[in-house]
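Computed from a predicted model, the values in this text were never measured in an experiment. Heavy atoms only: backbone and side chains are in, while hydrogens, waters and symmetry mates are out. Count residues from 1 along the sequence.
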Amino acid sequence: MADALARHSMVKVSTAGWSAAMGRYPELASESIVAGWAQAGRPLIVRRPTCSDVAGMIPLGLPLPPSHGKRRIAVSLAATDIVASAPPPLLADAAAVAPAHWRATIDLLLQLLPETRTFGSLAWQHLTGLRYLSGGSDLDLLWTLSSAEQARTLPSGIAAIARQAPMRLDGEIVGPAGGVQWRELTGTDEDEVLVKGPAGVTSATRAAFLAGYVP
């Protein structure tokens, strides 16, 4: 399953697997909200591996809400511990928990690309029912390219919406090689961009990344 799980995928862990993780990571016991995370059906998110991760295990993250210090917890679990996986939620679905003053911007983003997904505070509040959003929250988004027209127009379309948005728009435009921070793709074709793939970070020119949009 590790090869099939893209970065930002949301996974649910078996109760037994989470109990084993609590034993392997004793620092988790310091956060009361963590103990019942799996039992409550709350997900974890697939992240890029680091040098401290165990080979063959799936690197996962658990961002705690602001009420618990916004701590970012990193664990690695076996594929057999994972009972379900899904892409991050659609922005259209998560919009129900967004602040009212975000709604006009979200509508514009959905007009630009209805399949836009979200993975930050908005997504976690939508998925868990816990309060993640605050007055300073960004809106973290994923835009997956599927056509040459999108590759040509999406970066400038996002930039136009970002200029009038009441929140910071963050996130990545995603192609077969990985994701690139959207602002990097508003430059010239010769500009170098950082491509975040499942195994690490590589570089490419803007033109080369956008030319490889086909899934």
Self-check item: Rounded distance (nearest 0.5 Å) linking atom CG of L62 with atom CH2 of W18
Solution: 5.0 Å

Quiz prompt | Spatial distance of atom OG1 (T144) from atom CD (Q150) [nearest 0.5 Å] | solution = 9.0 Å

Quiz item: Does some side-chain heavy atom of V201 sit less than 4.5 Å from a side-chain heavy atom of V195?
Solution: no

Quiz item: What is the distance from atom CD1 of I158 to atom CG of L109, rounded to the nearest 0.5 Å?
Solution: 8.0 Å

Exercise. Please tell me if the side chains of L44 and M10 come closer than 4.5 Å, counting only heavy atoms from C-beta onward.
Key: no

Self-check item: Derivation of the side chain to side chain contact (heavy atoms under 4.5 Å, CB included) call for V75 and L28
Solution: CA-CA 10 Å; V75 298; L28 298 184; 4.2 Å; yes

Exercise. Flag the pair D170 / L141 as yes when at least one side-chain heavy-atom distance between them is below 4.5 Å, and no otherwise.
Key: no

Exercise. Write down the atom of W102, the atom of L122, and the distance for their closest heavy-atom approach.
Key: CZ3-CB, 4.5 Å

Quiz item: Taking side chain as C-beta onward, heavy atoms only, is V34 less than 4.5 Å from M22?
Solution: yes

Quiz item: Out of L210, V174, L113, which residue meets the side chain to side chain contact (heavy atoms under 4.5 Å, CB included) rule with L145?
Solution: L210

Exercise. Apply the test side chain to side chain contact (heavy atoms under 4.5 Å, CB included) to residues L60 and V46: give CA-CA distance (whole Å), side-chain angles for both, the deciding distance (0.1 Å), then the verdict.
Key: CA-CA 5 Å; L60 302 170; V46 177; 3.8 Å; yes

Quiz item: Looking at I106 and A95, what are the two nearest heavy atoms and their distance?
Solution: CG2-CB, 3.9 Å

Quiz item: Can D191 and R206 be counted as an ion pair, charged N to O under 4.0 angstrom?
Solution: no

Quiz item: Which is it for I58 and L77 under the side chain to side chain contact (heavy atoms under 4.5 Å, CB included) test, yes or no, and what are the steps along the way?
Solution: CA-CA 5 Å; I58 298 176; L77 299 180; 5.5 Å; no

Quiz item: Any side-chain heavy atom of L194 within less than 4.5 Å of one from V180?
Solution: no

Practice problem: Taking only Lys NZ, Arg NE, NH1 and NH2, and the carboxylate oxygens of Asp or Glu, determine whether E172 and R117 approach each other closer than 4.0 Å. | Solution: no

Practice problem: Apply side chain to side chain contact (heavy atoms under 4.5 Å, CB included) to the pair R47 and S76, showing each step before the final yes or no. | Solution: CA-CA 10 Å; R47 57 177 174 81; S76 297; 3.7 Å; yes

Self-check item: Residue pair V193 / E184: nearest heavy atoms and the distance that separates them
Solution: CA-OE1, 3.2 Å

Quiz item: H8 versus L142: any side-chain heavy-atom pair under 4.5 Å?
Solution: yes

Practice problem: Please round to the nearest 0.5 Å and tell me the distance separating atom CZ of R168 and atom OG of S137. | Solution: 13.0 Å

Practice problem: Starting at CZ of F209, measure out to OG of S203 and round the result to the nearest 0.5 Å. | Solution: 12.5 Å

Quiz item: Going from CD1 on I33 to NE2 on H68, what distance comes out if it is rounded to the nearest 0.5 angstrom?
Solution: 4.0 Å

Could you pull out every donor-acceptor pair under 3.5 Å between side chains of residues 123-131 and any protein atom, sequence neighbours left out?
| unit_1 | atom_1 | unit_2 | atom_2 | d |
| --- | --- | --- | --- | --- |
| W124 | NE1 | F119 | O | 3.4 |
| Q125 | OE1 | Y132 | N | 2.8 |
| Q125 | OE1 | L133 | N | 2.9 |
| T128 | OG1 | W124 | O | 2.7 |
| T128 | OG1 | L130 | N | 3.0 |

Quiz item: Are any non-hydrogen side-chain atoms of L5 and V11 less than 4.5 angstrom apart?
Solution: yes

Quiz prompt | L110 reachable from L90 in the ILVMFWY side-chain graph, under 4.5 Å edges | solution = no

Quiz item: Which pair of non-hydrogen atoms, one from T116 and one from W143, has the smallest distance, and what is that distance?
Solution: OG1-CD1, 3.4 Å

Self-check item: Side-chain donor/acceptor of K12 to backbone N/O of G41, under 3.5 Å
Solution: yes

Self-check item: Closest contact, heavy atoms only, S156 versus T153
Solution: OG-O, 3.1 Å

Quiz prompt | Shortest non-hydrogen contact between P155 and I173, atoms and distance | solution = CG-CD1, 3.9 Å

Quiz item: Is any side-chain heavy atom of T105 less than 4.5 Å from a side-chain heavy atom of Q164?
Solution: yes

